[in-house]
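Worth saying up front: this structure is predicted, and the values here are computed from it rather than measured.
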Amino acid sequence: MSKPSLARGTRDFGPEQMAKRTFILETIRRTFQLYGFQPLETPAIENLSVLMGKYGEEGDQLLFKILNSGDYSNKLTEQDWQLESKELTSKISEKGLRYDLTVPFARYVVMNRGTLPLPFKRYQIQPVWRADRPQKGRYREFYQCDADVVGTDSLLCEAEIVLMLHESLRNLRIPNFRVKLNNRKILSGISEVIGAPGLEGQFAVAIDKLDKIGKEKVIQELLNRGFTEENVAKLEPIFTLSNQAEPFVALKQWLNPSETGMQGIGELEEIWALVDGFELENPQLEFDVTLARGLSYYTGAIFEVKAHDHDDHPVNMGSISGGGRYDNLTGTFGVDGLSGVGISLGVDRIYDVMEELGLFPADQIQTTRVMLSNFDKKAANYGLKVLKQIREAGFNAEMYPDSVKLKKQLDFADRKQIPFVILIGSQEMESGNLTLKNMKTGEQISVSIVEALEKIKF
RNA sequence: GAGAUUGUAGCUCAGCUGGUUAGAGCGCCUGAUUGUGGUUCAGGAGGUCGCGGGUUCGAACCCCGUCUUUCUCCCCA
(Lines give C-alpha, C1' and ligand atoms only; values in the text may rest on other atoms or scores of the structure.)
Protein backbone atom coordinates (compact mmCIF):
# COMPACT_ATOMS: atom_id res chain seq x y z
CA MET A 1 0.00 0.00 0.00
CA SER A 2 1.42 3.33 -1.03
CA LYS A 3 0.76 6.61 0.68
CA PRO A 4 -1.79 8.71 -1.17
CA SER A 5 -0.63 11.95 -2.70
CA LEU A 6 -1.89 14.85 -4.78
CA ALA A 7 -0.93 15.34 -8.39
CA ARG A 8 1.57 18.13 -8.79
CA GLY A 9 0.13 21.63 -8.76
CA THR A 10 -3.31 20.53 -7.53
CA ARG A 11 -4.95 21.09 -4.15
CA ASP A 12 -7.82 19.91 -2.00
CA PHE A 13 -10.18 22.50 -0.58
CA GLY A 14 -11.51 21.72 2.87
CA PRO A 15 -14.68 23.21 4.38
CA GLU A 16 -12.94 26.37 5.55
CA GLN A 17 -11.33 27.04 2.20
CA MET A 18 -14.54 26.19 0.38
CA ALA A 19 -16.40 28.82 2.37
CA LYS A 20 -13.94 31.43 1.18
CA ARG A 21 -13.86 30.19 -2.39
CA THR A 22 -17.62 30.11 -2.56
CA PHE A 23 -17.70 33.70 -1.37
CA ILE A 24 -15.39 34.71 -4.23
CA LEU A 25 -17.19 32.65 -6.85
CA GLU A 26 -20.64 33.85 -5.86
CA THR A 27 -19.58 37.48 -5.64
CA ILE A 28 -18.17 37.39 -9.14
CA ARG A 29 -21.13 35.47 -10.50
CA ARG A 30 -23.58 38.03 -9.10
CA THR A 31 -21.63 40.90 -10.57
CA PHE A 32 -21.43 39.27 -13.99
CA GLN A 33 -25.16 38.68 -13.99
CA LEU A 34 -25.77 42.24 -12.94
CA TYR A 35 -24.15 43.34 -16.17
CA GLY A 36 -26.33 41.12 -18.31
CA PHE A 37 -24.06 38.17 -18.85
CA GLN A 38 -25.56 34.70 -19.15
CA PRO A 39 -24.01 31.49 -17.88
CA LEU A 40 -22.28 28.90 -20.04
CA GLU A 41 -20.48 25.69 -19.21
CA THR A 42 -18.39 23.66 -21.60
CA PRO A 43 -16.75 20.25 -21.14
CA ALA A 44 -13.45 19.86 -19.35
CA ILE A 45 -12.35 17.71 -22.28
CA GLU A 46 -12.06 19.17 -25.75
CA ASN A 47 -10.81 17.67 -28.96
CA LEU A 48 -7.18 18.59 -29.43
CA SER A 49 -8.05 19.93 -32.86
CA VAL A 50 -9.98 22.67 -31.05
CA LEU A 51 -7.21 23.48 -28.59
CA MET A 52 -3.99 23.06 -30.55
CA GLY A 53 -2.46 26.06 -32.24
CA LYS A 54 -4.53 28.61 -30.32
CA TYR A 55 -1.99 29.49 -27.67
CA GLY A 56 1.21 29.49 -29.66
CA GLU A 57 3.99 26.92 -29.64
CA GLU A 58 4.43 27.13 -25.87
CA GLY A 59 0.74 26.81 -25.25
CA ASP A 60 0.58 23.54 -27.13
CA GLN A 61 3.23 22.18 -24.80
CA LEU A 62 1.29 23.30 -21.74
CA LEU A 63 -1.85 21.47 -22.80
CA PHE A 64 -2.71 18.37 -20.80
CA LYS A 65 -3.29 15.68 -23.38
CA ILE A 66 -5.42 12.64 -22.79
CA LEU A 67 -4.23 9.27 -23.95
CA ASN A 68 -6.67 7.64 -26.34
CA SER A 69 -8.82 5.05 -24.67
CA GLY A 70 -8.45 1.39 -25.47
CA ASP A 71 -5.31 -0.09 -26.87
CA TYR A 72 -3.85 3.18 -28.04
CA SER A 73 -0.58 1.65 -29.17
CA ASN A 74 -2.17 -1.13 -31.16
CA LYS A 75 -2.09 0.58 -34.55
CA LEU A 76 1.32 2.14 -34.15
CA THR A 77 4.02 0.98 -36.50
CA GLU A 78 7.70 0.59 -35.73
CA GLN A 79 8.23 3.85 -37.60
CA ASP A 80 5.71 5.70 -35.46
CA TRP A 81 7.73 4.91 -32.36
CA GLN A 82 10.73 6.61 -33.92
CA LEU A 83 8.79 9.87 -34.43
CA GLU A 84 9.40 13.00 -32.43
CA SER A 85 7.21 13.17 -29.37
CA LYS A 86 5.10 15.89 -30.91
CA GLU A 87 4.12 13.79 -33.89
CA LEU A 88 3.76 10.68 -31.82
CA THR A 89 1.38 12.57 -29.56
CA SER A 90 -0.99 13.26 -32.42
CA LYS A 91 -1.21 9.52 -33.05
CA ILE A 92 -1.99 8.46 -29.51
CA SER A 93 -3.98 11.45 -28.18
CA GLU A 94 -7.00 13.15 -29.67
CA LYS A 95 -8.38 14.94 -26.61
CA GLY A 96 -7.08 17.36 -24.03
CA LEU A 97 -8.14 19.33 -20.97
CA ARG A 98 -9.24 22.89 -21.59
CA TYR A 99 -6.47 25.47 -21.23
CA ASP A 100 -8.70 28.51 -20.87
CA LEU A 101 -12.36 29.42 -21.29
CA THR A 102 -12.07 31.71 -24.28
CA VAL A 103 -11.30 29.12 -26.93
CA PRO A 104 -14.07 26.75 -25.83
CA PHE A 105 -16.38 29.78 -25.89
CA ALA A 106 -15.30 30.56 -29.43
CA ARG A 107 -16.01 26.97 -30.40
CA TYR A 108 -19.44 27.21 -28.79
CA VAL A 109 -20.24 30.43 -30.60
CA VAL A 110 -19.25 28.97 -33.95
CA MET A 111 -21.22 25.78 -33.39
CA ASN A 112 -24.33 27.71 -32.33
CA ARG A 113 -24.00 30.83 -34.43
CA GLY A 114 -27.41 30.48 -36.03
CA THR A 115 -29.27 30.41 -32.73
CA LEU A 116 -27.45 32.89 -30.52
CA PRO A 117 -28.87 36.37 -29.94
CA LEU A 118 -26.08 38.70 -30.99
CA PRO A 119 -24.32 40.39 -29.39
CA PHE A 120 -23.97 37.44 -27.05
CA LYS A 121 -22.81 38.07 -23.50
CA ARG A 122 -21.79 35.02 -21.56
CA TYR A 123 -19.97 34.32 -18.36
CA GLN A 124 -18.26 31.07 -17.53
CA ILE A 125 -16.80 29.91 -14.22
CA GLN A 126 -14.91 26.66 -14.49
CA PRO A 127 -11.53 25.13 -13.82
CA VAL A 128 -8.83 25.07 -16.47
CA TRP A 129 -5.61 23.05 -16.62
CA ARG A 130 -2.10 23.92 -17.63
CA ALA A 131 0.94 21.64 -17.52
CA ASP A 132 3.00 24.51 -16.15
CA ARG A 133 5.59 24.39 -13.39
CA PRO A 134 3.79 25.37 -10.22
CA GLN A 135 5.07 28.37 -8.27
CA LYS A 136 3.70 31.31 -6.32
CA GLY A 137 0.20 32.05 -7.57
CA ARG A 138 0.49 29.42 -10.26
CA TYR A 139 -1.25 26.07 -10.23
CA ARG A 140 -1.88 23.30 -12.72
CA GLU A 141 -5.58 23.29 -12.01
CA PHE A 142 -7.26 26.59 -11.31
CA TYR A 143 -10.55 28.40 -11.77
CA GLN A 144 -11.17 31.18 -14.22
CA CYS A 145 -14.17 33.47 -14.27
CA ASP A 146 -14.65 34.74 -17.78
CA ALA A 147 -17.07 37.30 -19.12
CA ASP A 148 -17.06 37.97 -22.85
CA VAL A 149 -19.20 39.83 -25.34
CA VAL A 150 -19.11 38.59 -28.88
CA GLY A 151 -20.69 40.10 -31.97
CA THR A 152 -20.14 43.82 -31.50
CA ASP A 153 -17.30 46.30 -31.95
CA SER A 154 -18.82 48.77 -29.55
CA LEU A 155 -16.34 50.21 -27.11
CA LEU A 156 -19.16 50.37 -24.60
CA CYS A 157 -18.22 46.75 -23.87
CA GLU A 158 -14.70 47.76 -22.93
CA ALA A 159 -16.06 50.51 -20.70
CA GLU A 160 -18.48 48.11 -19.04
CA ILE A 161 -15.67 45.67 -18.41
CA VAL A 162 -13.77 48.41 -16.63
CA LEU A 163 -16.82 49.08 -14.48
CA MET A 164 -17.47 45.43 -13.86
CA LEU A 165 -13.89 44.86 -12.73
CA HIS A 166 -14.21 47.71 -10.27
CA GLU A 167 -17.51 46.42 -8.99
CA SER A 168 -16.34 42.81 -8.68
CA LEU A 169 -13.22 43.69 -6.75
CA ARG A 170 -15.02 46.11 -4.49
CA ASN A 171 -17.71 43.51 -3.79
CA LEU A 172 -14.89 41.15 -2.90
CA ARG A 173 -13.69 43.83 -0.49
CA ILE A 174 -10.40 44.29 -2.27
CA PRO A 175 -10.12 48.06 -1.92
CA ASN A 176 -6.82 48.67 -3.69
CA PHE A 177 -6.03 47.48 -7.19
CA ARG A 178 -5.10 48.85 -10.56
CA VAL A 179 -6.91 48.21 -13.82
CA LYS A 180 -4.30 48.70 -16.50
CA LEU A 181 -5.38 49.40 -20.01
CA ASN A 182 -3.58 49.50 -23.32
CA ASN A 183 -4.36 48.85 -26.95
CA ARG A 184 -2.67 46.39 -29.25
CA LYS A 185 -2.96 48.93 -32.08
CA ILE A 186 -0.79 51.35 -30.13
CA LEU A 187 1.87 48.67 -29.88
CA SER A 188 1.59 48.07 -33.62
CA GLY A 189 1.83 51.79 -34.18
CA ILE A 190 4.98 52.01 -32.13
CA SER A 191 6.69 49.21 -34.01
CA GLU A 192 5.73 51.00 -37.25
CA VAL A 193 7.04 54.33 -36.05
CA ILE A 194 10.36 52.96 -34.89
CA GLY A 195 10.80 51.30 -38.26
CA ALA A 196 10.21 47.72 -37.29
CA PRO A 197 6.77 46.83 -38.60
CA GLY A 198 5.87 43.18 -38.19
CA LEU A 199 8.05 42.82 -35.13
CA GLU A 200 5.25 43.97 -32.87
CA GLY A 201 4.89 40.55 -31.29
CA GLN A 202 8.54 40.55 -30.31
CA PHE A 203 8.21 44.13 -29.23
CA ALA A 204 5.22 43.34 -27.04
CA VAL A 205 6.95 40.51 -25.18
CA ALA A 206 9.99 42.64 -24.40
CA ILE A 207 8.30 45.90 -23.46
CA ASP A 208 5.89 44.06 -21.19
CA LYS A 209 8.79 43.45 -18.82
CA LEU A 210 9.71 47.10 -18.38
CA ASP A 211 8.35 47.44 -14.86
CA LYS A 212 9.97 44.17 -13.91
CA ILE A 213 13.49 44.28 -15.33
CA GLY A 214 13.99 47.95 -16.21
CA LYS A 215 14.86 49.98 -19.26
CA GLU A 216 18.41 48.73 -19.84
CA LYS A 217 17.47 45.07 -19.85
CA VAL A 218 14.44 45.68 -22.05
CA ILE A 219 16.68 47.39 -24.60
CA GLN A 220 19.08 44.47 -24.42
CA GLU A 221 16.23 42.05 -24.97
CA LEU A 222 14.93 44.06 -27.92
CA LEU A 223 18.34 43.93 -29.54
CA ASN A 224 18.42 40.17 -28.97
CA ARG A 225 15.01 39.86 -30.55
CA GLY A 226 16.12 41.36 -33.82
CA PHE A 227 15.67 45.10 -33.37
CA THR A 228 18.40 47.44 -34.59
CA GLU A 229 20.12 50.16 -32.57
CA GLU A 230 18.26 52.61 -34.76
CA ASN A 231 14.89 51.07 -33.85
CA VAL A 232 15.69 51.23 -30.17
CA ALA A 233 16.87 54.83 -30.36
CA LYS A 234 13.51 55.87 -31.79
CA LEU A 235 11.83 54.17 -28.88
CA GLU A 236 13.05 56.75 -26.37
CA PRO A 237 9.68 58.54 -25.93
CA ILE A 238 8.09 55.41 -24.47
CA PHE A 239 10.22 55.54 -21.35
CA THR A 240 9.03 59.00 -20.36
CA LEU A 241 5.43 58.56 -21.41
CA SER A 242 4.12 57.05 -18.21
CA ASN A 243 5.34 60.02 -16.16
CA GLN A 244 3.23 62.51 -18.06
CA ALA A 245 -0.06 63.89 -16.89
CA GLU A 246 -1.69 63.58 -20.30
CA PRO A 247 0.07 60.68 -21.97
CA PHE A 248 -2.30 60.63 -24.94
CA VAL A 249 -1.21 64.08 -26.09
CA ALA A 250 2.44 63.10 -26.29
CA LEU A 251 1.55 59.73 -27.71
CA LYS A 252 -0.47 61.29 -30.52
CA GLN A 253 2.44 63.43 -31.53
CA TRP A 254 4.74 60.48 -31.56
CA LEU A 255 2.46 58.04 -33.35
CA ASN A 256 1.00 60.55 -35.79
CA PRO A 257 2.56 58.80 -38.81
CA SER A 258 0.86 55.52 -37.96
CA GLU A 259 -2.79 55.22 -38.83
CA THR A 260 -3.16 52.07 -36.75
CA GLY A 261 -1.50 53.69 -33.77
CA MET A 262 -3.76 56.73 -33.96
CA GLN A 263 -6.78 54.47 -34.15
CA GLY A 264 -5.65 52.72 -30.98
CA ILE A 265 -5.31 56.02 -29.16
CA GLY A 266 -8.73 57.07 -30.36
CA GLU A 267 -10.26 53.88 -29.01
CA LEU A 268 -8.68 54.37 -25.62
CA GLU A 269 -9.87 57.96 -25.44
CA GLU A 270 -13.38 56.83 -26.18
CA ILE A 271 -13.25 54.15 -23.52
CA TRP A 272 -12.08 56.76 -21.01
CA ALA A 273 -14.90 59.08 -22.00
CA LEU A 274 -17.46 56.30 -21.59
CA VAL A 275 -16.11 55.36 -18.17
CA ASP A 276 -16.36 59.04 -17.22
CA GLY A 277 -19.92 59.01 -18.45
CA PHE A 278 -20.78 56.21 -16.05
CA GLU A 279 -19.51 58.40 -13.24
CA LEU A 280 -17.54 55.57 -11.75
CA GLU A 281 -16.51 56.47 -8.25
CA ASN A 282 -12.78 56.70 -7.61
CA PRO A 283 -11.69 54.88 -10.78
CA GLN A 284 -8.49 52.89 -10.37
CA LEU A 285 -7.87 52.87 -14.08
CA GLU A 286 -4.50 53.48 -15.61
CA PHE A 287 -3.09 53.69 -19.11
CA ASP A 288 0.06 51.62 -19.43
CA VAL A 289 1.77 51.71 -22.79
CA THR A 290 4.05 48.84 -21.76
CA LEU A 291 1.16 46.50 -21.06
CA ALA A 292 1.28 43.88 -23.80
CA ARG A 293 0.35 40.37 -22.68
CA GLY A 294 1.57 37.45 -24.69
CA LEU A 295 -1.66 35.97 -25.97
CA SER A 296 -1.50 36.34 -29.68
CA TYR A 297 -5.18 36.78 -30.39
CA TYR A 298 -5.70 40.23 -28.88
CA THR A 299 -6.20 42.96 -31.47
CA GLY A 300 -7.61 45.96 -29.62
CA ALA A 301 -7.92 46.82 -25.96
CA ILE A 302 -5.78 44.91 -23.47
CA PHE A 303 -6.65 44.68 -19.78
CA GLU A 304 -4.73 43.58 -16.77
CA VAL A 305 -5.53 43.91 -13.08
CA LYS A 306 -3.10 43.79 -10.22
CA ALA A 307 -4.03 43.77 -6.57
CA HIS A 308 -2.44 46.33 -4.27
CA ASP A 309 -1.95 46.13 -0.52
CA HIS A 310 -3.14 48.49 2.21
CA ASP A 311 -0.39 50.96 1.36
CA ASP A 312 -1.35 50.75 -2.31
CA HIS A 313 1.79 48.85 -3.30
CA PRO A 314 1.35 46.04 -5.83
CA VAL A 315 1.06 42.59 -4.29
CA ASN A 316 3.64 40.14 -5.58
CA MET A 317 1.17 37.74 -7.16
CA GLY A 318 1.07 38.21 -10.91
CA SER A 319 -2.14 39.58 -12.35
CA ILE A 320 -5.49 38.60 -10.89
CA SER A 321 -7.30 39.37 -14.11
CA GLY A 322 -6.51 39.78 -17.74
CA GLY A 323 -8.30 40.19 -21.01
CA GLY A 324 -8.80 42.15 -24.15
CA ARG A 325 -10.45 42.42 -27.54
CA TYR A 326 -9.93 39.84 -30.23
CA ASP A 327 -11.30 40.74 -33.62
CA ASN A 328 -11.22 37.35 -35.15
CA LEU A 329 -11.09 34.59 -32.61
CA THR A 330 -13.79 32.55 -34.31
CA GLY A 331 -11.83 32.90 -37.55
CA THR A 332 -9.75 29.86 -36.69
CA PHE A 333 -12.98 27.88 -36.67
CA GLY A 334 -14.02 29.17 -40.06
CA VAL A 335 -16.33 32.03 -39.10
CA ASP A 336 -15.00 35.49 -39.79
CA GLY A 337 -16.26 38.85 -38.72
CA LEU A 338 -17.18 38.13 -35.14
CA SER A 339 -15.42 40.47 -32.77
CA GLY A 340 -15.25 39.76 -29.09
CA VAL A 341 -13.97 41.33 -25.93
CA GLY A 342 -13.67 39.81 -22.51
CA ILE A 343 -11.87 39.40 -19.25
CA SER A 344 -10.86 36.55 -17.05
CA LEU A 345 -10.57 36.69 -13.28
CA GLY A 346 -8.32 34.19 -11.52
CA VAL A 347 -10.10 32.87 -8.45
CA ASP A 348 -7.06 31.16 -7.02
CA ARG A 349 -4.89 34.24 -7.18
CA ILE A 350 -7.69 36.37 -5.78
CA TYR A 351 -7.90 33.86 -2.94
CA ASP A 352 -4.17 34.04 -2.32
CA VAL A 353 -4.19 37.84 -2.40
CA MET A 354 -7.12 38.06 0.00
CA GLU A 355 -5.48 35.57 2.31
CA GLU A 356 -2.21 37.49 2.21
CA LEU A 357 -3.90 40.80 2.94
CA GLY A 358 -6.33 39.38 5.47
CA LEU A 359 -9.37 40.54 3.52
CA PHE A 360 -11.71 37.62 4.08
CA PRO A 361 -14.74 38.52 6.12
CA ALA A 362 -14.92 36.61 9.38
CA ASP A 363 -17.69 34.09 9.94
CA GLN A 364 -17.63 32.61 6.48
CA ILE A 365 -17.77 28.99 7.58
CA GLN A 366 -21.11 27.39 6.99
CA THR A 367 -21.62 25.09 9.90
CA THR A 368 -24.38 23.49 11.84
CA ARG A 369 -26.38 25.92 13.98
CA VAL A 370 -27.77 23.35 16.39
CA MET A 371 -26.72 19.85 17.29
CA LEU A 372 -29.00 17.46 19.11
CA SER A 373 -27.46 15.05 21.55
CA ASN A 374 -28.01 11.35 21.23
CA PHE A 375 -28.40 10.02 24.73
CA ASP A 376 -29.93 6.68 23.91
CA LYS A 377 -32.18 5.15 21.30
CA LYS A 378 -35.40 6.32 22.91
CA ALA A 379 -34.20 9.88 23.40
CA ALA A 380 -32.83 10.02 19.88
CA ASN A 381 -36.13 8.91 18.49
CA TYR A 382 -37.88 11.60 20.50
CA GLY A 383 -35.32 14.12 19.25
CA LEU A 384 -35.95 13.38 15.58
CA LYS A 385 -39.21 15.30 15.73
CA VAL A 386 -37.42 18.23 17.30
CA LEU A 387 -34.75 18.01 14.62
CA LYS A 388 -37.39 18.18 11.92
CA GLN A 389 -38.94 21.28 13.42
CA ILE A 390 -35.62 23.04 13.74
CA ARG A 391 -34.85 22.36 10.10
CA GLU A 392 -38.30 23.51 9.05
CA ALA A 393 -37.58 26.75 10.87
CA GLY A 394 -34.62 27.13 8.54
CA PHE A 395 -31.69 26.33 10.83
CA ASN A 396 -28.87 24.01 9.88
CA ALA A 397 -29.24 21.15 12.32
CA GLU A 398 -27.99 17.66 12.89
CA MET A 399 -28.24 14.94 15.49
CA TYR A 400 -25.15 13.15 16.73
CA PRO A 401 -25.56 9.77 15.05
CA ASP A 402 -24.31 7.48 17.80
CA SER A 403 -25.35 7.02 21.41
CA VAL A 404 -21.95 7.62 22.88
CA LYS A 405 -20.78 9.55 25.91
CA LEU A 406 -22.03 13.10 26.11
CA LYS A 407 -18.47 14.23 26.53
CA LYS A 408 -17.64 12.94 23.11
CA GLN A 409 -20.71 14.51 21.56
CA LEU A 410 -20.03 17.92 23.07
CA ASP A 411 -16.42 17.68 22.08
CA PHE A 412 -17.55 17.06 18.51
CA ALA A 413 -19.87 20.08 18.62
CA ASP A 414 -17.07 22.17 20.00
CA ARG A 415 -14.69 21.16 17.26
CA LYS A 416 -17.25 21.85 14.57
CA GLN A 417 -17.89 25.23 16.19
CA ILE A 418 -21.57 24.50 16.52
CA PRO A 419 -22.98 27.33 18.66
CA PHE A 420 -25.95 25.49 20.22
CA VAL A 421 -26.55 22.00 21.50
CA ILE A 422 -29.93 20.66 22.53
CA LEU A 423 -29.77 17.92 25.14
CA ILE A 424 -32.55 15.40 25.24
CA GLY A 425 -32.63 12.65 27.86
CA SER A 426 -35.12 11.13 30.27
CA GLN A 427 -35.58 14.42 32.15
CA GLU A 428 -36.47 16.31 29.01
CA MET A 429 -38.81 13.64 27.75
CA GLU A 430 -40.67 13.71 31.03
CA SER A 431 -40.94 17.49 31.26
CA GLY A 432 -41.52 18.12 27.57
CA ASN A 433 -38.96 20.89 27.65
CA LEU A 434 -35.56 20.85 26.00
CA THR A 435 -32.20 21.67 27.51
CA LEU A 436 -30.56 24.28 25.30
CA LYS A 437 -26.87 24.77 25.79
CA ASN A 438 -24.99 27.78 24.49
CA MET A 439 -21.59 26.42 23.61
CA LYS A 440 -19.86 29.75 23.77
CA THR A 441 -20.99 30.78 27.25
CA GLY A 442 -21.69 27.31 28.60
CA GLU A 443 -25.08 28.56 29.80
CA GLN A 444 -27.88 26.00 29.90
CA ILE A 445 -31.60 26.67 30.02
CA SER A 446 -34.73 24.55 30.02
CA VAL A 447 -37.11 25.78 27.31
CA SER A 448 -39.89 24.73 24.97
CA ILE A 449 -39.13 24.15 21.30
CA VAL A 450 -40.64 27.49 20.34
CA GLU A 451 -38.50 29.31 22.87
CA ALA A 452 -35.45 27.38 21.74
CA LEU A 453 -36.02 28.46 18.15
CA GLU A 454 -36.18 32.09 19.34
CA LYS A 455 -32.93 31.71 21.26
CA ILE A 456 -30.88 30.16 18.46
CA LYS A 457 -31.68 33.00 16.12
CA PHE A 458 -28.95 35.10 17.65
C1' G B 1 11.68 23.17 -21.09
C1' A B 2 16.40 25.48 -17.86
C1' G B 3 18.37 26.67 -12.92
C1' A B 4 18.05 26.52 -7.53
C1' U B 5 15.55 24.46 -3.23
C1' U B 6 12.60 21.16 0.14
C1' G B 7 10.98 16.24 2.06
C1' U B 8 11.95 13.00 9.51
C1' A B 9 4.93 11.22 13.80
C1' G B 10 -1.65 13.93 11.86
C1' C B 11 0.86 19.32 12.08
C1' U B 12 5.38 22.52 13.05
C1' C B 13 10.19 21.17 13.52
C1' A B 14 15.09 19.13 16.18
C1' G B 15 18.45 15.14 15.06
C1' C B 16 26.34 16.71 16.10
C1' U B 17 31.87 14.34 11.66
C1' G B 18 28.19 8.35 9.12
C1' G B 19 27.88 4.95 15.04
C1' U B 20 23.07 1.59 20.23
C1' U B 21 16.33 1.17 20.41
C1' A B 22 15.23 8.52 15.73
C1' G B 23 13.29 12.98 19.63
C1' A B 24 10.26 17.62 21.19
C1' G B 25 5.96 20.78 21.14
C1' C B 26 1.12 20.80 19.47
C1' G B 27 -2.73 17.48 18.02
C1' C B 28 -4.98 12.51 18.69
C1' C B 29 -6.86 8.28 21.95
C1' U B 30 -8.09 6.50 27.15
C1' G B 31 -9.09 7.71 32.16
C1' A B 32 -9.91 11.25 36.48
C1' U B 33 -16.30 12.70 35.20
C1' U B 34 -22.01 6.02 33.53
C1' G B 35 -25.98 13.54 31.60
C1' U B 36 -21.76 18.07 29.98
C1' G B 37 -16.99 20.57 25.49
C1' G B 38 -13.07 24.47 26.00
C1' U B 39 -8.93 24.41 31.49
C1' U B 40 -6.05 20.94 34.49
C1' C B 41 -3.83 16.16 35.80
C1' A B 42 -2.37 10.89 34.77
C1' G B 43 -1.49 7.33 31.11
C1' G B 44 -1.22 5.65 25.87
C1' A B 45 -0.93 5.05 20.59
C1' G B 46 1.56 6.84 16.44
C1' G B 47 7.69 6.95 12.12
C1' U B 48 9.22 1.56 5.51
C1' C B 49 13.29 9.06 8.00
C1' G B 50 9.39 10.80 0.13
C1' C B 51 10.51 6.40 -3.17
C1' G B 52 14.28 3.18 -5.73
C1' G B 53 19.27 1.93 -6.18
C1' G B 54 24.57 2.48 -4.65
C1' U B 55 29.00 3.30 -1.19
C1' U B 56 30.11 1.39 3.87
C1' C B 57 31.32 -3.25 9.13
C1' G B 58 27.34 0.44 9.85
C1' A B 59 23.17 5.52 6.27
C1' A B 60 17.80 10.01 8.38
C1' C B 61 22.96 11.91 7.33
C1' C B 62 27.42 10.44 1.68
C1' C B 63 26.60 9.33 -4.03
C1' C B 64 23.10 8.46 -8.36
C1' G B 65 18.16 8.28 -10.19
C1' U B 66 13.03 9.48 -9.45
C1' C B 67 8.76 11.91 -7.31
C1' U B 68 7.40 16.12 -4.45
C1' U B 69 7.66 21.43 -2.12
C1' U B 70 9.04 26.37 -2.71
C1' C B 71 11.34 30.02 -5.85
C1' U B 72 13.55 32.22 -10.45
C1' C B 73 13.71 32.24 -15.92
C1' C B 74 10.11 31.40 -19.85
C1' C B 75 5.05 32.13 -20.03
C1' C B 76 0.64 33.16 -17.56
C1' A B 77 -4.87 33.65 -13.90
Touch check for [X], heavy atoms < 4.0 angstrom, all strands: base, sugar-phosphate only, or nothing?
X	value
A:R225	sugar-phosphate
A:G425	base
A:I350	nothing
A:E428	base
A:R130	base
A:L406	base
A:G9	sugar-phosphate
A:K440	base
A:Y139	base
A:Q427	base
A:Q444	base
A:G137	base
A:D348	nothing
A:S426	base

Between [N] and [M], how far is it from one [atom1] atom to the other, in whole Å?
N	M	atom1	value
B:U34	B:A22	P	38 Å
B:G19	B:C62	P	11 Å
B:U17	B:C63	P	15 Å
B:U21	B:C28	P	33 Å
B:G23	B:C29	P	24 Å
B:U68	B:U5	C1'	12 Å
B:A14	B:C49	C1'	13 Å
B:C64	B:U6	P	14 Å

What's the [atom1]-[atom2] distance between [X] and [N], to the nearest Å?
X	N	atom1	atom2	result
A:D352	B:C76	CG	C1'	15 Å
A:F412	B:G35	CZ	P	21 Å
A:I302	B:A77	CD1	P	12 Å
A:D208	B:C73	CG	C1'	15 Å
A:E141	B:A77	CD	P	17 Å
A:L410	B:G37	CG	P	7 Å
A:D148	B:A77	CG	P	12 Å
A:D132	B:U72	CG	P	12 Å

Can you figure out which of [options] approaches the side chain of [X] most closely?
X	options	answer
A:R415	B:G35, B:C74, B:C28	B:C28
A:K437	B:G31, B:U36, B:C75	B:U36
A:R133	B:G3, B:G38, B:U69	B:G3
A:R8	B:A77, B:G37, B:U69	B:U69
A:K405	B:A77, B:G38, B:G31	B:G31
A:K136	B:C75, B:G35, B:U72	B:U72
A:D411	B:U36, B:G37, B:C75	B:G37

Check this for me, if you would: do [X] and [Y] make a salt bridge, where the nitrogen-to-carboxylate-oxygen distance has to be below 4.0 angstrom?
X	Y	result
A:K408	A:D402	no
A:E356	A:K136	yes
A:K185	A:E267	yes
A:R178	A:D288	no
A:K95	A:E46	no
A:R122	A:E41	no

Exercise. Stepwise, does the salt bridge (Lys or Arg N to Asp or Glu O under 4.0 Å) test hold for A:E16 with A:R21?
Worked result: CA-CA 9 Å; A:E16 204 176 313; A:R21 288 176 67 83; over 6 Å; no
Exercise. Under 4.0 Å between a side-chain N or O of A:K306 and OP1 or OP2 of B:A77?
Worked result: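 Answer no for this pair, as no side-chain N or O of A:K306 is under 4.0 Å from OP1 or OP2.
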Problem set entry | Whichever of A:R138 and A:Q135 has its nearest RNA chain B nucleotide further upstream toward 5' |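 Residue closer to the 5' terminus by nearest nucleotide: A:Q135.
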Exercise. So which one's nearest nucleotide on RNA chain B is more toward 5', A:K407 or A:F142?
Worked result: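 Of the two residues, A:K407 wins.
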For this session: Tell which nucleotide pairs with B:C26, taking only Watson-Crick or G-U wobble pairs whose two distances are both under 3.5 angstrom.
Result: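 Across any shown strand, B:C26 pairs with B:G10.
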Problem set entry | Donor-acceptor pair, side chain of A:E286 and main chain of A:L181, under 3.5 angstrom |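 The answer is no, because no donor-acceptor pair under 3.5 Å joins these two groups.
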Exercise. How are the rings of A:F23 and A:F360 set relative to one another: parallel (under 30°), tilted (30 to 60°) or perpendicular (over 60°)?
Worked result: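 Ring orientation of A:F23 relative to A:F360: perpendicular.
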